[in-house]
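So the structure is just underneath, and the comments pick up after that.
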4 protein chains.
Amino acid sequence: MKFNDNRPIFKQIADYILDNVVSGIWQEGERLISVRELASEIEVNPNTVARTYAMLSNMGIIYNQRGIGYFITANAQEKCLSQLKQEFIENELPELFRKMNLLDLDLEQIKKYYDDQKNEEK
Amino acid sequence: MKFNDNRPIFKQIADYILDNVVSGIWQEGERLISVRELASEIEVNPNTVARTYAMLSNMGIIYNQRGIGYFITANAQEKCLSQLKQEFIENELPELFRKMNLLDLDLEQIKKYYDDQKNEEK
Amino acid sequence: MKFNDNRPIFKQIADYILDNVVSGIWQEGERLISVRELASEIEVNPNTVARTYAMLSNMGIIYNQRGIGYFITANAQEKCLSQLKQEFIENELPELFRKMNLLDLDLEQIKKYYDDQKNEEK
Amino acid sequence: MKFNDNRPIFKQIADYILDNVVSGIWQEGERLISVRELASEIEVNPNTVARTYAMLSNMGIIYNQRGIGYFITANAQEKCLSQLKQEFIENELPELFRKMNLLDLDLEQIKKYYDDQKNEEK
DNA sequence: GTGGTCTAGACCACC
DNA sequence: GTGGTCTAGACCACA
């Protein structure tokens, strides 16, 4: 796991977890690896991981069983998806459209780039 | 001008200026209003405006004539446009597609939101 | 038995036992089921149950006969009741009143919620 | 400010702030003293205060103006009140009733204690 | 000056 | 073993 960009590490960790939940790789009821383990694995301070877990717990994506660890909540996938979707639509799309407008790009061109990328993936 | 979102204020000011340059509203050679004037107008710390001007100056969009003020450089519009476009395509589009994929959104849906927003603006 | 809330599990178990003692369901001299049995029954670590028993033992509510098991002490009911009552009046009531005051609630409203709950239980 | 009980310090600080907001002593728009100031005043690590502020910000009771400080949000009082009330009714009242039932106390007796306390305050 | 993030290391309650 | 809290001290971006 690399921390390239300038976003906070604890959020990047959260995104990694959310990705796995949304894509269904991690199922509800599964136990996350412990704070300390993950911390040493990705070479980060345990406090940072703890912060990530606390945040996700707050969001209702994971929950804590005392003395045992964190687990993925029931319906985490849907909760996650709808939450991220809403956030995407409210925050990122307007910015995207503003920029497209400014740069005189339209959806046709975007689509072209999109298809190009899809083909590359194949 | 409101500074609601969590982006740095100086960047929001820069975006406002860039918008005007890219869209051709402000032409090359035009003088920008002074740091202090703009600062008091939008109720912001002058340091913040100064930072914006410094950044744009660094980008080659505006230049400073000591004791007189800031002016829009020659070819500012094209410079600006090509710079922003390249950055947009290289950095933002891949991230956009990744997220669309994750959230199971396609361009049709994006287009719908786009049109909705356009209608709201009318 | 569910351990949803954030109170320590061993205290929740203790509450369950205290309830039975105070209400007279469990009489003095009766034997409690063994640590291991209870643990496997409520799906909890045996250490946790052991801790509960140790605490109750400390409180003088139950006592241990080595090799045989835990038993409810003589006068457990009264001891328990007076102890809990005193603690309740001294520690919890003032806090309750402070909070009612702050939240602008009076006993009438409390009573309403109380009755509502009673009805739900029926 | 004293930190008597065993609840986390950052929550006790939050309660202190919430009390002031709910009771209307602190009005919307008012600026909270800075993290560092409050920390040194109550002799606590700045991180702890920061955590409190972050939590309240998350709850929508206060908000942050970049580089300036934290301010009380509009409608903080109502938001606060309804939030605390709901929490009180859902979490604390059932526990209260359970205990009253167990200890064979009724609202009449509670009322007596309540009135006693009220008289003492006079 | 403001808050935000991160590290290192400690201590605690709980299971 | 688990996570939760706190301290001390550092560095950063921002106004």
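Side chains included, hydrogens not; waters and symmetry mates left out as well; all remaining heavy atoms used. Order of the sequence lines fixes the chain letters, A, B, ..., with proteins taken first and strands second; residue numbering starts at 1 for each chain.
A donor and an acceptor atom, one from each side chain of D/E87 and D/Q83, are nowhere located under 3.5 Å apart.
The pair C/K99-D/D19 does not meet the salt-bridge criterion, since no charged nitrogen lies less than 4.0 angstrom from a carboxylate oxygen.
Scanning atom types as modelled, no donor and acceptor separated by under 3.5 angstrom connect the side chain of D/R36 and the base of E/dG1. Contact of D/R66 with E/dG3 (side chain to base): no donor-acceptor pair of N or O atoms is detected under 3.5 Å.
At the heavy-atom level, A/R51 lies under 4.0 Å from the strands shown only through sugar-phosphate atoms. Among the heavy atoms of the strands lying under 4.0 Å from D/R31 are primed sugar atoms or P, OP1, OP2 only; no base atom is included.
Of all nucleotides listed (E/dT7, E/dC15, E/dT2), E/dT7 comes nearest to the side chain of A/V44. In this structure, of E/dG3, E/dT5, F/dC6, it is E/dG3 that holds the atom nearest to the side chain of D/N64. Looking at the side chain of A/N45, the nearest of the listed nucleotides E/dG3, E/dA8, F/dC14 is E/dA8. For B/P8, counting side-chain heavy atoms from C-beta on, the closest listed nucleotide (F/dT7, E/dT5, F/dA15) is F/dA15. With E/dC15, F/dA15, E/dC14 as the candidates, the nucleotide lying closest to the side chain of D/I68 is F/dA15. Closest contact between the side chain of D/N47 and the listed nucleotides F/dA15, F/dT7, F/dC6 involves F/dT7. Of the candidate nucleotides E/dT5, E/dC14, F/dT5, E/dT5 has the atom lying nearest to any side-chain atom of A/K11.
Across B/A50 and B/V35, no two heavy atoms sit closer than the pair N-CG1, 3.9 Å.
For the pair B/I33 and B/Y70, the minimum side-chain heavy-atom distance is 4.5 Å or more.
Using a 4.0 Å cut-off, no side-chain N or O of A/T48 falls inside it from OP1 or OP2 of E/dT5. OP1 or OP2 of F/dG4 lies within a sub-4.0 Å distance of a side-chain N or O belonging to A/Y70.
Regarding D/M55, its CE atom lies at a distance of 11 Å from the P atom of F/dC6, rounded to whole Å. If you take CZ of D/F71 and P of E/dT2, they are 12 Å apart, rounded to a whole angstrom. Atom-to-atom, CG of D/N6 to C1' of F/dC6 comes out at 15 Å; the value is rounded to the nearest Å. The CD1 atom of A/I13 sits 13 Å away from the C1' atom of E/dT7 (whole-angstrom rounding). Remark: C1' of F/dG4 and OH of A/Y63 are 19 Å apart, rounded to the nearest angstrom. One can place CG of A/L56 at 15 Å from C1' of F/dG3, the figure rounded to the nearest angstrom. For the pair A/R7 CZ and E/dG4 C1', the interatomic distance rounds to 15 Å; values are reported in whole Å.
Rounding to the nearest 0.5 Å places CD1 of A/I62 at 8.0 Å from CD1 of A/I72. Considering CH2 of B/W26 and CG of B/N20, their distance stands at 4.5 Å, rounded to 0.5 Å. The CG atom of B/L38 lies 8.0 Å from the OH atom of B/Y16; values are rounded to the nearest 0.5 Å. Distance check: D/E95 CD to C/E92 CD gives 7.5 Å after rounding to the nearest 0.5 Å.
Both A/E43 and D/L32 lie near DNA chain E, and the one whose nearest nucleotide falls closer to the 5' end is D/L32. If A/Y53 and B/F10 are placed on DNA chain F by their nearest nucleotide, the residue sitting closer to the 5' end is A/Y53.
An angle of 20°, rounded to 10°, separates the two end axes of the helix from E/dG1-F/dC14 to E/dC14-F/dG1, each defined over five pairs.
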